[in-house]
Amino acid sequence: MKKSNELLAETRDVQLTLRGRRVLDQVDLAVHRGEIVTLIGPNGAGKSTLVRVLLGLMKPDHGSVYLRPGVRIGYMPQRLLIDPVLPLTVRRFLTLGRPCSETRLQGVLQEVGAAALLEAPIQNTSGGELQRILLARALLRDPDLLILDEPVQGVDITGQLDLYRLISRIRDRLDCGILMVSHDLHLVMATTDRVVCLNRHVCCSGHPQDVSSDPAYLALFGASPGLALYTHRHNHHHDIHGHVVPAEEQERGGPGRG
Amino acid sequence: MDDFVLRALLAGIGVAVAAGPLGAFVVWRRLAYFGDTLAHSALLGVALGFLFDANVTVAIVVVCLLLALLLVMMQRQQRLASDTLLGIMSHGALALGLVVLAFMEGLRMDLLGYLFGDILSVTRGDIVWILATGLLVLAGLALIWRPLLADTVHEELARVEGVAVVPARLGFMLLLALFIAVSMKVVGILLITSLLIIPAATARHFARTPEQMALIASLIGCLAVSGGLLASLQWDLPAGPAVVLVAALFFLVSFGWRRGD
């Protein structure tokens, strides 16, 4: 059933005006199976709005949105604020969409590295833990297409790289398409196949190396990105509880090592 | 026990049991002020019911629902903050209800009873209404529990996962309006929201799941009703306010309790 490179989702010539302000203008975006597409752009560039349009949460004024018939989407929203007055464990949160078996639940939490949190109240989890839990909920959908809106938000730099590697592994295992929103091209470079630089319209797109030297990109982000010189000399990992874990070498092309 | 005390107890417990899960959602969804606004509009429903010679309960439900829909539509605009808008609607509706009632000459009604409740004078007919509505509210909530909870936690996530968010919300508003229409007899429109919020907020201290919180809220509500009635008989207090005071006392105690450990 799974054809590699099949088109999973696409927007064509999408235009959207919110409160008299043109938020999206002639935006074409496509995600295929097996690829990781990263959407970057400054604040207010319409990244999250484009994601909402693609998810069908907002209707464009003009243009069309195509989703492959029957495509299963796992969505990781940008922010999750759960009022402490609602007693909710991680287990309950994960099964809110639909029930699932115990082994599957534990398997998915294991994969994102948050197995110990299953019975914890969700309000007690840290920023990094919460991102992993959100990712787990998206994975429980058995997605063909993962849509991740700022998946590393509120996570420290080391944790960000770990999360990006995890996302890359997930793509390999599920052979799904991934669309993610990010602020920083240089952190995602190694784990991205294609970058789309958005500032209400698509400024430029292509391979991350090409985009990073594209005049349109440099005009938006400047020529001296602060994190470009990042070299990572960690010889071990920390899991999300801060415990030291020996380095693994199986990750594909983690930046800053070797 | 006197007959009227038994009737009051039955009516109060019927309202408190339904108020538990309903109030939990009011607290989770931060709808306290919204509920207050709906309750205040109930007096307008009473007035219109008399004016058109219609069933008062039905008139209240219709007015509450219309106001709820109006509020949802108006909250989409960005110019006024939600609480300002609710404040305007809440007191506007209450004032309109009072004015319309004053205009209806020859109508002898117990305004204080509507404002503060008159639980000691509930009839057998009232009890049937309250118990039937209570059951309906519980059954309806059970039906929309899952989608409403998913929507409460994160609307967009729920919608992407295919949860029918809109029917659940509309259903919830309908149940809230029904609840207000029948429970105003017990505590009155000025105090209805307290019966929704205080037991639920108290239950939070003892609950680990949403369902536990709803159940414990119902139990606390029943205790508050019983205690309030008892106090009312003992010291000749107004019954509705006594019930609310006992509930508030429970909340204070539970608050201090959890702070202590």
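So you know, we letter chains A, B, ... as the sequences are listed, proteins then strands, and number each from 1.
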Review point. A:Leu88, A:Leu86, A:Leu96, A:Ile147: which one forms the most heavy-atom pairs within less than 4.5 Å of chain B?
Key: A:Leu86
Point to revise | B:His40 and B:His91 aromatic ring geometry - parallel, tilted or perpendicular at 30°/60° bounds | key: tilted
Check your understanding: Looking at B:Arg29 and B:Asp151, does any basic side-chain N land under 4.0 Å from a carboxylate oxygen?
Key -> yes
Exercise for review: With a 4.5 Å cut-off on heavy-atom pairs, point out which of B:Met213, B:Arg208, B:Glu156 contacts chain A the most.
Suggested key: B:Glu156
Revision key, fill the gap. Most contact-rich option vs chain B, by heavy-atom pairs under 4.5 angstrom, among A:Ile122, A:Leu80, A:Ile73, A:Leu81, is A:Leu80
Point to revise | B:Arg204/A:Asp83 ion pair, N-O < 4.0 Å | key: no
Check your understanding: Which answer fits A:Leu57, side chain, backbone, both or neither, if we ask what part of it has an atom under 4.5 Å from a heavy atom of chain B?
Key -> both
Practice item. State, without any angle test, whether A:Thr192 and A:Thr38 hold a side-chain donor-acceptor pair at a distance under 3.5 Å. Key: yes
